[in-house]
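For reference, the structure discussed in these notes is given below.
Keep in mind it's a predicted model, so treat the numbers as computed, not measured.
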Amino acid sequence: MLRVLALPLLFAVVLASCKQETPGAESQDITTTETTSATTSSSMSEVKGFNFLTACDSLVVSKLVLDGPDGEGEFAYIQGECVTGKSFELLLVPRSGATPASTFGDPAQVLSEAAKNNYADYICYAFEMPKQVAPDATGTFQIVNFFPINTVIKRLDNNTWVRLGQDRADDLAAYNTLRWNILHDKMPQYD
């Protein structure tokens with residue numbers, strides 16, 4: 001019964017967050033987001049196990065902007081956030097290289113184009129971590145992370161989500177640095 005009531009509430013939250021900048025926890029330091037909602041319905045080949053790309057019934061798609069910690073500039077990525085069932089963050093990086101934030105475009109359209117060829121032009125990462133939908137200071141519902149976090153990091157390789165490791169971030173700045181390092185091939189060494 002609780003799940004039946006939670007789904008309409010979550011749908012209302014997703015609609016409320018459409019086309020608004022996310023001023024919550026994700027807007028600090030080197031991250032900004034522009035939120036829109038979308039679903040990923042593709043003819044993706046059979047993925048072994050949980051498919052982070054298609055298994056969320058209320059994926060909130062946005063543009064994640066990260067500023068390089070060593071002055072590399074601002075780059076944008078497709079970010080999907082899910083809080084139903086498994087809570088996770090999905091990040092897609094173009095195989096051709098990171099896209100400057102100023103030329104990125106609409107995240108829902110970028111995701112739609114990526115899905116057309118089963119994400120072959122993207123490296124797909126999933127960060128499993130606790131997330132929650134909560135109101136911000138203005139009463140707008142946002143998806144928030146809990147810090148400190150321990151996130152399990154996975155990458156899609158040949159239709160299998162491969163566990164790369166688990167890492168901790170004590171605050172948003174540390175989490176942004178972790179995401180930057182993973183998305184820019186500066187992968188921490190995990191045992």
Side-chain angles (χ1 to χ4, degrees), residues 13-14 16-37 52 56 59-83 86-95 97-107 110-111 122-156 161-191:
V13 168
V14 169
S17 66
C18 289
K19 297 182 183 174
Q20 296 178 358
E21 283 200 23
T22 306
E26 291 283 320
S27 65
Q28 302 170 20
D29 289 334
I30 59 177
T31 307
T32 59
T33 22
E34 295 171 6
T35 306
T36 134
S37 103
F52 293 93
C56 184
L59 189 68
V60 177
V61 177
S62 59
K63 173 174 103 174
L64 171 70
V65 177
L66 292 175
D67 190 359
D70 297 323
E72 294 89 343
E74 288 187 338
F75 294 93
Y77 311 90
I78 299 172
Q79 175 185 29
E81 292 182 281
C82 187
V83 293
K86 275 187 193 240
S87 62
F88 62 89
E89 181 174 284
L90 179 67
L91 295 174
L92 278 62
V93 182
R95 291 186 186 276
T99 306
S102 60
T103 62
F104 185 79
D106 177 51
V110 174
L111 181 64
Y122 287 83
I123 302 170
C124 304
Y125 293 95
F127 293 73
E128 288 185 87
M129 70 190 99
K131 290 181 173 286
Q132 178 180 340
V133 177
D136 64 10
T138 66
T140 304
F141 284 91
Q142 305 288 331
I143 297 175
V144 294
N145 296 326
F146 297 100
F147 291 102
I149 60 167
N150 286 308
T151 182
V152 175
I153 305 157
K154 297 181 179 183
R155 181 182 61 224
L156 185 62
W161 285 95
V162 176
R163 186 181 194 275
L164 301 177
Q166 181 172 337
D167 215 324
R168 177 185 169 97
D170 290 328
D171 55 26
L172 183 60
Y175 183 51
N176 286 337
T177 300
L178 173 65
R179 290 189 290 189
W180 176 271
N181 288 339
I182 289 170
L183 301 180
H184 290 267
D185 296 326
K186 298 176 185 174
M187 181 70 70
Q189 297 300 309
Y190 300 111
D191 294 331

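- Taking every heavy atom of both residues into account, L91 and L64 meet most closely at CD2-CD2, 3.6 Å.
- Residue P130 comes nearest to S87 through the heavy atom pair CA-OG, 3.5 Å, listed as atom of the first residue, atom of the second, then distance.
- Considering only heavy atoms from C-beta on, Y125 stays 4.5 Å or farther from R179 through its side chain.
- The structure places CG of L111 at 8.0 Å from CG of L90, a figure rounded to the nearest 0.5 Å.
- Considering all non-hydrogen atoms of both residues, A169 and F147 come closest at O-CD2, 3.8 Å.
- The CH2 atom of W161 sits 10.5 Å away from atom CZ of R155, with the distance rounded to the nearest 0.5 Å.
- We find the OG1-CD distance between T99 and E74 to be 13.5 Å, quoted to the nearest 0.5 Å.
- Between V65 and D67, the closest side-chain pair of non-hydrogen atoms is not below 4.5 Å.
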**OP:** Walk me through it: do C56 and F88 pass the test side chain to side chain contact (heavy atoms under 4.5 Å, CB included)?
**Re:** CA-CA 9 Å; C56 184; F88 62 89; 4.0 Å; yes

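- Here L172 contributes atom CG and T177 contributes atom OG1; the two are 9.5 Å apart, rounded to the nearest 0.5 Å.
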**OP:** Test side chain to side chain contact (heavy atoms under 4.5 Å, CB included) on I149 and F127 and set out the steps.
**Re:** CA-CA 11 Å; I149 60 167; F127 293 73; over 6 Å; no

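- Closest heavy-atom contact between K63 and F104: CD-CD2, 3.3 Å.
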**OP:** Walk me through it: do Q132 and V83 pass the test side chain to side chain contact (heavy atoms under 4.5 Å, CB included)?
**Re:** CA-CA 6 Å; Q132 178 180 340; V83 293; 6.0 Å; no

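- Atom OG1 of T151 is separated from atom CG of L178 by 7.0 Å, given to the nearest 0.5 angstrom.
- Here the straight-line distance linking atom OH of Y122 with atom CG of L156 works out to 14.5 Å at 0.5 Å rounding.
- Ring geometry for F75 against W180 counts as tilted: the plane angle lies between 30° and 60°, on a 0 to 90° scale.
- Between L59 and C82, some side-chain heavy-atom pair lies under the 4.5 Å cut-off.
- Minimum heavy-atom separation, I143 to K131: CG2-CD, 3.9 Å.
- Residues R163 and K154 approach most closely at CA-CG, 3.9 Å, considering heavy atoms.
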